[in-house]
Amino acid sequence: MYEKLIKPLQTFKFGEEPDAMSAAWFANRLGGEAKNFLKKFGYIDGGLDLMIQGMERKVKHAGGKIILKADVKKAEMVKGKIRSLVYSQDGKNRKIGCDYVISSLPSRVSIPVFGLKDKNLKKIKYRSSVCVAFGLNKVFSPFYWSMILDKGFPFGAFFTHSNLYPKAAPEGKSVVFAVNFYDQDDPVWEKSGDIVTKEFADGMEKILPGFISSIEWTRVSKEFYSEPLYEKNYKDYIPSMQSEIPNLVLCGTAFIFPRIRNMSASIESGISAARIVMGKPKK
């Protein structure tokens with residue numbers, strides 16, 4: 001059981017020997033996650049974008065402004081507090097004033113942007129991920145989630161998303177996501193999207209003959225800071241959400257240990273950050 005299931009799953013997810021990873025995360029992954037604040041799993045009718053659009057409307061209705069496709073460059077300090085953020089948009093540097101900052105940037109990005117000295121932030125390591133979405137003119141599998149534990153495949157799992165959410169594809173067609181996790185120095189980052197797509201498609205063809213000829217469209221997504229590595233002593237150095245800067249609160253997947261990375265846990269992290277800003281105790 002260990003050699004054929006547990007160890008390959010851990011290696012796929014974390015890329016390290018299982019004895020280096022947190023048992024608390026593994027136990028939560030096996031059963032504890034079902035006890036999250038939503039108490040159940042599901043998928044929103046209309047997709048997650050429906051929820052994001054609703055949040056966008058609420059922010060704008062309250063007078064908030066949403067700035068997209070912008071890179072935060074640095075924070076400008078006055079008397080030990082952040083008073084403005086410099087960001088790049090459309091090739092130009094711009095500035096926005098602020099009284100409080102909630103940052104969900106990966107810790108490795110937060111450190112230089114805000115000039116943070118917290119040693120615990122520097123200890124956090126990340127795994128990267130690549131996902132190739134395939135639009136197919138047929139349905140190959142009746143299952144939603146399929147793990148690939150055999151060596152030699154360019155991905156470790158594939159998901160027939162349209163089996164979870166039928167409206168994701170027209171009747172008789174399907175949408176499949178193939179995904180893998182990588183170390184951040186993996187050569188996959190030097191490969192073009194076309195090469196990655198071909199490698200993943202070739203792998204899927206070995207599992208599901210006729211897969212390649214059924215492809216109608218593809219899309220590649222790469223995430224460099226995909227997920228923190230929950231090492232077995234992670235709980236000893238998990239950083240505080242309240243940073244060393246009085247008006248800067250940090251949130252995101254680095255702070256949800258031992259929860260798994262999903263939209264539910266990320267929302268909970270954001271709620272906790274908002275409660276800190278409002279001076280309310282964390283639930």
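Hydrophobic clustering, with ILVMFWY side chains joined whenever heavy atoms are under 4.5 angstrom apart, groups L105 together with I267. W189 and I195 end up in different hydrophobic clusters when Ile, Leu, Val, Met, Phe, Trp and Tyr side chains are linked at under 4.5 Å. With hydrophobic clusters built from ILVMFWY side chains whose heavy atoms lie under 4.5 angstrom apart, I148 shares a cluster with M1. Note: the hydrophobic cluster containing V101 does not contain V86 (ILVMFWY, side chain heavy atoms under 4.5 Å, direct or indirect links). Hydrophobic clustering, with ILVMFWY side chains joined whenever heavy atoms are under 4.5 angstrom apart, groups M55 together with L50.
Classification of D202 and K198 as a salt-bridged pair holds, one side-chain N sitting under 4.0 Å from a carboxylate O. Between E231 and K123 no salt bridge is recorded (no basic side-chain N to carboxylate O distance below 4.0 Å).
Among all heavy-atom pairs drawn from L248 and Y100, the shortest one is N-CE2, 4.2 Å. Scanning all heavy atoms of the two residues, the minimum distance from V59 to K65 falls at CG1-N, 4.4 Å. Nearest heavy atoms, L48 versus I44: CD2-CD1, 4.2 Å. Counting all heavy atoms, side chain and backbone alike, A168 lies closest to H161 at CB-CD2, 3.6 Å. Between K173 and V139, the closest heavy-atom pair is O-CG2, 3.4 Å. The minimum heavy-atom distance linking L149 with K4 is given by the pair CD1-O, 3.3 Å.
Taking the six-membered ring for Trp, F134 and F200 have ring centres at least 6.0 Å apart.
By the 30° and 60° cut-offs, the orientation of the rings of Y230 relative to F257 is perpendicular. Aromatic ring orientation, F158 versus F155: perpendicular (interplanar angle above 60°, classes split at 30° and 60°).
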Apply side chain to side chain donor-acceptor pair (under 3.5 Å) to residues T253 and Y225 and explain how you reach the verdict. CA-CA 10 Å; T253 53; Y225 295 102; over 6 Å; no

Can you check side chain to side chain contact (heavy atoms under 4.5 Å, CB included) on R83 and N247, steps first, answer last? CA-CA 9 Å; R83 289 308 178 203; N247 65 335; 3.9 Å; yes

CA sep, side-chain torsions, deciding dist, call: L229, Y234, side chain to side chain contact (heavy atoms under 4.5 Å, CB included): CA-CA 8 Å; L229 279 170; Y234 192 88; over 6 Å; no

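For R219, the CZ atom is loosely surrounded, since the number of other residues' heavy atoms within 6.0 Å does not exceed 12. Other residues, nucleotides and ligands place more than 12 heavy atoms under 6.0 Å from the CE atom of M77. Under a cut-off of 6.0 angstrom, the local environment of NZ in K81 is sparse, with at most 12 non-hydrogen atoms contributed by other residues, nucleotides or ligands. The neighbour count for D99 CG, taken as heavy atoms of other residues, nucleotides or ligands under 6.0 Å away, does not exceed 12.
Between the CD1 atom of I96 and the CD atom of E76 there is a distance of 12.5 Å, given to the nearest 0.5 Å. A distance of 9.5 Å separates CZ in F181 from SG in C131, rounded to the nearest 0.5 Å. Interatomic distance, CD1 of I276 versus OG of S240, reported as 6.5 Å (0.5 Å rounding). Between atom CG of residue L136 and atom CD1 of residue I212 there is a gap of 11.0 Å, rounded to the nearest 0.5 Å. Between E205 atom CD and I207 atom CD1 the span is 10.5 Å, to the nearest 0.5 Å. Atom-to-atom distance recorded for M241:CE and S103:OG is 10.5 Å, nearest 0.5 angstrom.
Of the candidates Y144, F177, Y165, Y144 is the only one forming a ring-ring contact (aromatic ring centres under 6.0 Å, His included) with F159.
In summary, the side chains of Y182 and S226 do not present any donor paired with an acceptor at a separation below 3.5 Å, with no hydrogens or angles considered.
A cation-pi arrangement is present between K138 and F140, with the terminal nitrogen or guanidinium carbon under 6.0 Å from the aromatic centre and inside a 45° cone about the axis.
Applying the side-chain hydrogen bond (donor to acceptor under 3.5 Å, both in side chains) rule to S88 yields no partners; only residues at least two apart in sequence or on another chain are considered. Remark: K167 pairs with D45 by the salt bridge (charged side-chain N to carboxylate O under 4.0 Å, His left out) rule, at least two apart or across chains.
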